[in-house]
Amino acid sequence: MTQAAHLPAAVASAPRTNWFFPTRPGTAAYRMFLTGSFWMLIGMTYGLLMAVYLAHPQVWAYVPLDVQQFLVWSKMRELHVQLVLWYWLSMGSVAGMYFIVPRLCRAPLWSERLAHLSVWLWNIAGLTTWVTLSLGMSRGREYAETILPVDVLLLAALLCATLNIVNTVRFRRERPLYVSLWYSLSAVLALPIVIIIGKGLWLNPLNNPYQGIYDNVTNWFFGHNILGMWYTPAGLGLAYFLIPKITKRPIYSHWLSLVGFWTLIFVYPPVGGHHSVTSALPYWLQTEAIMFSIFLFIPVFASVWNLYKSVQPNTQMLAQDPVLGFVVFGLTCYLLTSVQGSIMALRTLNIYEHFSQFTVGHAMLAMGAGFTAIALGAGYYLVPRVTGHPIYSRALAWWHFALFGTGWIVLLLFLQTAGLVQSANWRVGGQDWMDSTVWPTQPLMWPVAGGGVLIIISHLIFMYNIIRTVYDRSWVPKDVPESASLSSPTVRGPHPQGSNLPPAAATD
């Protein structure tokens with residue numbers, strides 16, 4: 001007699017769980033988020049090492065010779081950018097979409113297994129990126145360094161996510177499209193276009209097909225539009241979902257939400273040229289990029305004002321809910337970086353500061369502080385609701401928020417100050433590179449490294465808190481339900497049964 005014969009009938013007949021591709025709704029969302037957080041830790045560590053090198057270059061002498069080849073500046077810079085952007089922020093944003101889209105559609109995710117396939121592909125792409133860039137295999141283009149195998153894996157993962165989100169919206173039960181769905185759809189549909197055009201994959205997938213000024217134009221079309229057409233709509237879509245859910249009030253103005261969305265779509269694509277104001281880019285194209293950069297005030301202020309006004313009746317909740325704190329902090333960083341970007345596009349200011357550390361701080365304010373904060377808030381919101389477990393420690397969540405915010409404020413304040421010092425020395429002239437650029441800013445790099453330490457400590461606290469929430473069940477009270485809906489199968493037809501709907505579709 002088999003062992004199964006001794007089991008109760010319900011247990012004996014239960015199918016074995018497929019750990020790699022489970023159908024339990026919500027598991028792909030928190031797996032995507034959890035694995036992405038590991039990539040953030042690795043990417044942020046490279047950033048901290050670079051700050052330490054700038055503050056104390058002599059530390060290089062203490063690095064073993066066998067390790068030095070993997071920690072040269074060019075490799076660390078590429079790995080820092082790629083791992084943080086594509087394998088933390090992108091994965092965190094997609095995890096948020098996997099959570100909010102079914103709930104706004106009142107339908108299950110089109111295919112939970114396809115979602116898990118995207119998780120695996122994204123992580124394999126991250127591992128391939130880490131190995132290839134560490135070995136010096138790079139295209140040598142800013143933000144677009146990865147080689148063809150990584151591009152194929154990343155596009156395959158993105159295709160899985162796009163099919164899933166588009167079909168979930170297609171087979172929705174809730175006919176009106178809330179603004180978060182508009183933002184999520186635009187993000188997953190625009191990014192493949194940006195990648196293919198920006199890298200010229202249809203012309204020559206193995207090497208860079210662009211030369212001269214054409215390379216400059218396409219590279220900044222890619223570099224700026226991954227921010228404007230991917231991270232921005234993904235982050236704002238999450239914010240438009242989270243703020244009404246937490247405050248339990250509708251958004252301030254549906255009309256403003258649509259103004260912000262459509263002006264973003266029409267205004268953002270041409271602005272990448274403002275990175276090439278001092279180049280051989282045609283003067284008329286520079287002017288067009290500057291003009292559209294100024295127009296960005298419209299979608300930015302429409303969206304941020306709308307979300308701020310949505311929070312205003314419940315401002316006391318900023319001290320009660322860390323999720324709301326993260327989202328509002330992220331929106332504030334987004335507002336500041338957008339104002340900076342529009343003003344920095346003006347020729348006079350662009351010529352003054354563009355090649356300094358001020359621009360580096362500007363990019364980190366947008367994605368390292370702004371949209372990362374929104375993604376972290378989304379993680380704190382979705383993980384307990386997907387797993388059915390309460391957050392392990394709200395106190396640790398507040399410590400995470402305090403250290404994260406303080407770290408970024410210190411880092412950005414001193415980094416951008418260093419950029420202004422560099423720019424001022426260049427305008428004076430008469431000094432060599434080391435005297436005008438490196439030595440005057442070296443003392444400012446110690447606080448930058450200190451801010452990086454605070455950020456990494458905050459992230460370790462966050463990972464501990466989330467891992468305990470997901471996997472350690474010994475502390476979960478017995479009266480906390482495991483959320484029976486999570487074992488329901490995923491329905492892919494156009495008319496899913498009500499029993500297969502996640503309970504959060506209507507109540508969370």
Side-chain angles (χ1 to χ4, degrees), residues 40-63 71-74 76-77 79-81 83-85 88-89 325-326 329-330 332-337 339-341 343-344 349 352-373 376 398-428 431 433-463:
M40 177 164 66
L41 180 62
I42 298 171
M44 293 285 189
T45 301
Y46 279 112
L48 176 60
L49 288 175
M50 289 192 291
V52 171
Y53 280 1
L54 290 174
H56 188 62
Q58 293 81 1
V59 76
W60 181 257
Y62 299 99
V63 178
L71 295 180
V72 295
W73 181 271
S74 57
M76 287 201 301
R77 192 266 176 196
L79 285 164
H80 170 62
V81 172
L83 296 182
V84 171
L85 292 188
W88 149 243
L89 193 51
F326 272 106
F329 180 82
T332 304
C333 293
Y334 168 63
L335 174 63
L336 291 175
T337 195
V339 172
Q340 273 188 0
I343 296 175
M344 289 162 59
L349 292 175
Y352 183 81
E353 54 69 34
H354 184 71
F355 295 103
S356 71
Q357 296 282 12
F358 192 90
T359 303
V360 178
H362 166 68
M364 295 170 74
L365 175 62
M367 291 176 279
F371 292 119
T372 288
L376 290 171
W398 280 116
W399 273 107
H400 175 205
F401 177 72
L403 294 174
F404 177 86
T406 303
W408 275 113
I409 291 171
V410 171
L411 186 152
L412 292 168
L413 177 64
F414 283 91
L415 185 62
Q416 294 202 305
T417 300
L420 295 176
V421 170
Q422 290 174 333
S423 299
N425 287 338
W426 296 338
R427 297 288 287 183
V428 172
Q431 298 176 314
W433 176 257
M434 298 297 291
D435 289 336
S436 65
T437 305
V438 179
W439 304 131
T441 60
Q442 186 177 355
L444 296 169
M445 291 302 158
W446 282 112
V448 172
V453 170
L454 291 179
I455 294 167
I456 290 180
I457 292 174
S458 75
H459 188 56
L460 290 172
I461 292 172
F462 158 74
M463 291 181 64

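Reckoned from all heavy atoms, side chains included, excluding hydrogens, waters and symmetry mates.
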Contact check, side chains of [X] and [Y], non-hydrogen atoms, under 4.5 Å:
X      : Y      : answer
Trp73  : Leu54  : yes
His362 : Thr337 : yes
Met40  : His459 : yes
Trp408 : Leu454 : no
Thr372 : Leu376 : yes
Met344 : Phe358 : yes

Task: Partners meeting ring pair (Phe, Tyr, Trp, His ring centres under 6.0 Å) with Trp60 (sequence neighbours left out) - done: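 So Trp60 forms a ring pair (Phe, Tyr, Trp, His ring centres under 6.0 Å) with Tyr53.
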- [ ] If the plane angle is over 60° it's perpendicular, under 30° parallel, otherwise tilted; pick one for Phe371 and Tyr334.
- [x]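 Judged by the thresholds at 30° and 60°, the geometry between Phe371 and Tyr334 is tilted.
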Open item on the list: Angle between ring planes, Trp446 versus His56, binned at 30° and 60°: parallel, tilted or perpendicular?
Closed with: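 Rings of Trp446 and His56: tilted, 30 to 60°.
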Please report the shortest heavy-atom distance between [X] and [Y], naming the atom on each side.
X      : Y      : result
Leu412 : Gly361 : CD2-O, 3.3 Å
Ala418 : Met445 : CB-CE, 3.8 Å
Ser458 : Leu403 : CB-CB, 3.6 Å
Cys333 : Ala369 : SG-CB, 3.9 Å
Val63  : Leu71  : CG1-CD1, 4.2 Å
Asn425 : Pro440 : ND2-CG, 3.6 Å

Open item on the list: Tell me whether Trp399 at atom CH2 has more than 12 heavy atoms from other residues, nucleotides or ligands lying less than 6.0 Å away.
Closed with: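 Not buried by this count: 12 neighbours or fewer within 6.0 Å.
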Can you measure from [atom1] ([X]) to [atom2] ([Y]) and round to the nearest 0.5 angstrom?
X      : Y      : atom1 : atom2 : value
His400 : Met463 : NE2   : CE    : 10.5 Å
Trp426 : Phe355 : CH2   : CZ    : 8.5 Å
Gln340 : Thr359 : CD    : OG1   : 9.0 Å
Phe326 : Phe404 : CZ    : CZ    : 6.5 Å
Leu460 : Ile455 : CG    : CD1   : 12.0 Å
Leu79  : Thr45  : CG    : OG1   : 11.5 Å

TODO: Can you sort out the partners of Thr441 under side-chain hydrogen bond (donor to acceptor under 3.5 Å, both in side chains), two or more places apart, ordered by chain and number?
DONE: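 If we apply the side-chain hydrogen bond (donor to acceptor under 3.5 Å, both in side chains) test to Thr441, skipping adjacent residues, there are no hits.
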Please confirm whether the backbone N or O of [Y] pairs with a side-chain atom of [X], one donor and one acceptor, at under 3.5 Å?
X      : Y      : result
Thr437 : Gln422 : no
Ser356 : Leu420 : no
Ser423 : Gly419 : yes
Thr406 : Ala402 : yes

- [ ] Dump the intermediate steps for side-chain contact (heavy atoms from CB on, under 4.5 Å) on Leu89 and Val84, then the final yes or no.
- [x] CA-CA 6 Å; Leu89 193 51; Val84 171; 5.6 Å; no
Open item on the list: Please determine whether side-chain contact (heavy atoms from CB on, under 4.5 Å) holds for the pair Gln416 and Val360, giving the CA-CA distance in whole Å, both sets of side-chain angles, and the decisive distance to 0.1 Å.
Closed with: CA-CA 8 Å; Gln416 294 202 305; Val360 178; over 6 Å; no
Open item on the list: With side-chain contact (heavy atoms from CB on, under 4.5 Å) as the criterion, how do Val81 and Arg77 come out once you've worked through the C-alpha distance, each side chain's angles and the decisive distance to 0.1 Å?
Closed with: CA-CA 6 Å; Val81 172; Arg77 192 266 176 196; 3.9 Å; yes
Open item on the list: Pair Leu335, Val339 - check side-chain contact (heavy atoms from CB on, under 4.5 Å), show working.
Closed with: CA-CA 6 Å; Leu335 174 63; Val339 172; 4.2 Å; yes
